[in-house]
Amino acid sequence: MLYHLASEAFQWYRQAPVSFPVIGSDVLLITRFLMYLSVRAILAILTSFVVTMLVGRRLIRLLHAHHVRDTIKDFGTISATDKRGTPTMGGLIIIASLVVPVLLWCDLTNRFVQIALAATAWFGAIGVVDDYLKVRPYRGRIRGLGEAQKLALQGLFGLGLGIVYLTPAISPVPPEVAGSFYVPFYKYAVLHDIGWWYLPFVVFVTVLISNSVNLTDGMDGLAIMPANFAVLVYGVIAYAMGNVVYAEYLRYDYLHGSGELLVFCAALFGAGLGFLWYNAYPAEIIMGDTGSMALGGILASLAIMLKQEVLFLIVGGVFVAETLSSFIQQKIGENFLGRRIFYRAPLHHQMEYRGLAETKVVIRLWIIAGLLAMVGLASMKLR
Amino acid sequence: MGHRFILTGGGTGGHVTPAIALGEELRAREPDAQFLYVGTRTGKEAEIVPRYGFPITYVKSHQWSFRRKWHVVRFVWRVACGTIKSCYLIMKFRPDAVIGTGGYVAAPVVFANLLLRRTGLSRALTIIHEQNTVPGKLNALVGKVADLVLLSFPTASAHFPRAVCVGYPVRPEIGPADRAEAKRRLGIPPGRRVVLAFGGSMGARTINRAVVDALPFLRGRKDLHIVHGTGRKLSSYDPVADCESRMQRNALTYESLSGWYEAHEFIDRIGEYYAAADIVVCRSGAGTLAELCACGRAALLIPKANLPGDHQVLNALEMARRGAADILFEDAVTTNGAPEEYVAGKELARKIVELLENKPKLGRMESNALASARPEALKVSVCVILSLLEGKSPDGLLSELTAREPVVGDAHLDTRFGRVAALSGEALRAYAETVVSSICRSLDCVSGTPSDREEALVRALNADEMVAYLRYRAATHLTSNNWRMRNAGVKMVGILRQRDKLPVLAGFVKDRTPASRMRRLLGGDFETNGFIRRNSMASLIRLGVASPVVREVILCGLADPYFEVRSQAARAVQVFCGSLENDKEIVERLLNCAKDRYFEVVVEAVKALGSVAFAETVLEVFRSLSQHQNWRVRQAVVEGCCALLDRGQDVPKAFLSEILAGMMVTSTGFCPSFSLKLAVAKLGERIREPDNAAGDRGKS
């Protein structure tokens with residue numbers, strides 16, 4: 001909103017019939033200043049953090065008072081029982097403090113931002129429903145959405161995203177880029193413009209990424225920091241791809257308007273930091289599926305819109321490792337072979353079982369995620 | 001012109017008999033009534049029905065049990081075919097009522113009638129007779145929409161919206177009779193007490209073998225007279241030959257037992273034998289139970305396992321609840337790869353003697369049985385059917401009948417077993433766990449050592465009726481083809497302390513049949529997979545019996561390719577350390593485990609070494625492991641040292657101080673505890689305290 005206000009003011013002053021010799025140039029300067037991406041990105045970080053500070057405490061008390069509290073999530077882990085009673089649905093903090101700065105500082109007519117906001121809303125809604133069903137005791141049992149239901153809802157969004165993405169009239173991306181497949185560290189497309197055959201891949205990636213974040217969210221602060229690192233990398237790439245000069249220099253396909261996603265990513269980064277304020281060990285609130293779904297959905301749509309799906313294997317390496325370990329353990333080991341392959345799964349439980357304290361597990365995974373983010377950034381230049 | 005009836009039902013004799021009985025009674029009431037019996041070509045009805053002079057036609061059908069997934073297709077196909085043919089039959093015969101007595105045969109016919117009624121092509125009423133305490137799957141389904149459901153047991157009424165309990169239509173020649181008179185007529189000496197044992201129309205093998213096996217234990221009692229109905233020869237089972245070989249195994253001959261034991265292929269005058277019997281050993285099919293009640297005889301029931309809905313077991317439990325019978329559950333073993341049920345002869349003999357000695361109980365059982373008999377069942381059923389045909393509304397009739405029969409009120413009284421019978425696998429295991437833990441809690445007052453408490457628990461479990469049922473279910477789980485079921489069974493055996501299953505568990509741990517190629521490719525090893533072996537080991541620990549067999553199993557487990565089995569075996573060594581102390585082979589394998597790739601195994605092995613090995617054999621290992629990078633291994637070394645000292649092993653002081661000095665302990669505080677949480681818990685306890693105290697005072 002402030003962005004739109006600033007741009008209106010800028011236009012008006014430039015074309016004003018009367019010139020304001022002194023004040024006019026100042027206003028022009030300020031409005032001009034507010035239209036820079038980098039400035040808006042920094043303002044977005046600050047705004048979102050301030051919003052978390054304003055909203056956080058109140059929301060925690062509200063959720064606690066309404067008995068939106070965590071129940072035992074996984075059994076067989078060492079620390080899970082201690083977490084009972086912690087308020088959940090903390091993703092609401094993230095979503096609130098993401099949406100406010102985005103509305104303030106983003107160009108809302110930008111298709112990239114619209115899609116990212118749609119992802120936030122859709123996956124946030126799935127998460128809220130799931131969390132609500134979990135905290136509400138249902139005939140004495142505890143249950144959220146079933147695995148199949150979740151997959152279906154995620155896939156549905158993937159389908160919608162793919163259709164929007166591949167229809168030239170409404171896609172934010174030029175059609176010849178939209179249907180091509182890129183891998184990191186290689187500057188040309190691996191598959192050129194395969195058109196609608198790209199759709200299943202979009203669905204697959206959406207489901208995979210959103211689930212992987214959901215799986216990782218099992219310890220205080222574990223999901224949010226790696227997600228922040230990934231968001232940061234995607235923000236930088238969005239900025240580069242949206243800038244004619246950088247895109248030319250780095251041999252990216254120029255995506256008109258993708259720079260706006262930098263502001264979005266910045267807002268999410270700030271929201272993540274603000275959430276970590278409360279979520280750091282020992283957590284006062286946990287994000288629940290509301291947060292992990294929303295984060296996963298946003299990451300998925302970012303990866304797809306920026307043609308960096310495969311890069312997620314690197315920048316989201318922690319998420320991928322968690323998902324893989326869990327898949328191997330459960331689907332292959334426990335269900336098919338009838339034996340365990342790791343001591344425990346997913347990865348963070350394995351580390352905990354080997355004798356690491358929860359905080360140590362979390363910080364080690366942050367470190368790994370940070371290093372992987374660096375590798376991901378390197379992929380921009382090394383092509 | 002009389003009414004026209006379609007009778008249907010079958011598969012086993014138990015479903016055919018009531019249909020025939022109803023048909024005969026209807027024919028007696030209305031001599032010009034027309035009948036058509038619809039059955040399957042393979043069922044018992046094809047053999048029985050023509051004998052009673054009813055015309056019979058055949059349709060296709062299939063039972064609701066699928067060994068393979070694609071059997072569902074076959075099921076759907078056959079039932080669909082059957083339904084279509086039944087539609088044709090109904091439209092051609094134009095019946096006034098379709099009477100189904102259950103069994104999968106009845107389903108297509110009843111379905112067809114319901115369909116035709118919807119479309120207005122048939123005006124026939126649908127009447128169903130359900131004989132068991134739990135309805136079969138298909139009967140339960142069609143019973144929901146039938147005009148009226150007639151029941152033998154009131155317990156079943158929970159499954160149907162329009163049901164009335166009328167009882168089982170028993171053959172009229174069976175009823176209360178004088179025992180002494182019957183004995184005289186059968187030529188049994190008057191002082192003798194008669195044990196009547198028979199297996200029913202199907203599945204007599206278990207009872208035959210159990211009875212023959214029980215003979216040596218009963219031989220000493222000269223006041224007995226045992227009548228054994230072995231059953232006729234079937235294509236799959238020859239009872240006479242089987243009994244004969246069994247007799248030889250027990251070193252018995254028919255001659256040596258003559259005058260005390262008589263075996264018949266088929267008992268013709270069953271009514272008289274019932275009358276003469278003091279105790280009847282039999283299956284718990286609905287028909288047999290109704291006959292037992294009609295003549296008021298005490299029964300020792302051996303329900304057949306693995307039937308749909310476990311209905312024989314539930315029938316038996318219902319009889320036991322009424323105080324009319326005692327139950328002896330089958331046990332199951334795997335012989336040559338196929339599950340086989342059996343009852344131990346010794347156990348059967350013990351039960352029979354126990355019952356015969358307890359004359360007051362026997363008397364009570366007889367009177368309870370007689371009290372639950374429904375001699376008017378057949379007449380009432382026929383009356384109900386005819387008045388329905390005369391145009392009475394089913395609902396009106398229903399309320400009239402239920403007003404006269406207040407017994408329907410106890411329908412929901414004991415559905416506990418019914419609910420448990422519907423569980424299987426992990427759900428059943430979870431239930432078993434809650435049962436055992438509630439029994440455990442009720443024992444809280446028992447003081448003494450853990451082993452005393454364990455013994456008390458085992459005694460309490462042995463006495464519990466639900467536990468007996470769960471044990472029987474666990475045994476059938478153990479013989480399942482599905483590894484998840486076997487796994488759940490293994491866990492249940494431990495939870496329920498089934499010490500007689502120890503050899504089975506041992507067999508599981510030692511089993512080395514390779515798994516399928518696909519599984520081996522992905523890292524699987526044996527047909528009895530890792531989880532089952534691990535849980536068998538854990539259950540062995542729970543059973544708490546130390547024996548040479550257990551030692552063998554532990555030895556095998558310590559060398560198992562799956563790491564969790566190895567660590568579980570090492571835990572077993574810790575538990576059974578009393579009998580395994582300084583066992584050379586065990587210590588050698590444990591030392592191997594202490595070098596394991598998996599730290600979990602190393603931890604347990606080190607603790608086990610501490611509790612069984614000589615100090616000098618392990619000090620070197622302990623020294624090197626005290627520098628292990630994983631603190632849990634280091635902790636195990638310290639605990640192992642403590643265990644050595646506890647056993648009075650001679651551990652040099654220098655060695656201990658060296659280990660202590662070199663031990664990396666990382667930091668002072670490792671697990672943070674939240675003082676607010678502790679304070680909240682404390683206050684919470686204070687709040688609850690006065691309540692409890694008041695409650696206790698109130699009780700005293």
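Chain letters run A, B, ... following the sequence lines, proteins first and then strands; every chain starts at 1.
A donor-acceptor contact shorter than 3.5 Å is absent between the side chain of A:Arg340 and the backbone of B:Phe531. In this structure a side-chain-to-backbone donor-acceptor pair under 3.5 Å is present from B:Trp631 to A:Gly355.
Between B:Arg484 and A:Glu334, the shortest heavy-atom contact is NH1-O, 4.5 Å.
There is no contact between B:Asn487 and chain A, counting heavy-atom distances below 4.5 Å. Heavy-atom distances place no part of B:Arg533 under 4.5 Å from chain A, backbone and side chain included.
In this structure, A:Tyr132 places its OH atom where only 12 or fewer heavy-atom neighbours from other residues, nucleotides or ligands lie under 6.0 Å away. Counting heavy atoms of neighbouring residues, nucleotides and ligands inside a 6.0 Å radius, atom CZ of B:Arg623 exceeds 12 of them. More than 12 heavy atoms of other shown residues, nucleotides or ligands fall within 6.0 angstrom of atom CH2 in A:Trp366.
Because its NZ or CZ atom is not both nearer than 6.0 Å to the ring centre of B:Phe563 and within 45° of the ring axis, A:Arg339 does not count as a cation-pi partner of that residue.
Interface residues of residues 505-520 of chain B toward chain A, defined by a heavy-atom distance below 4.5 Å and sorted by number: B:Met518, B:Arg519. Of all residues in residues 599-610 of chain B, those placing a non-hydrogen atom less than 4.5 angstrom from a non-hydrogen atom of chain A are B:Phe599, B:Glu600.
Taking the side chain as every heavy atom from C-beta outward, A:Leu337 and B:Leu522 approach each other to under 4.5 Å.
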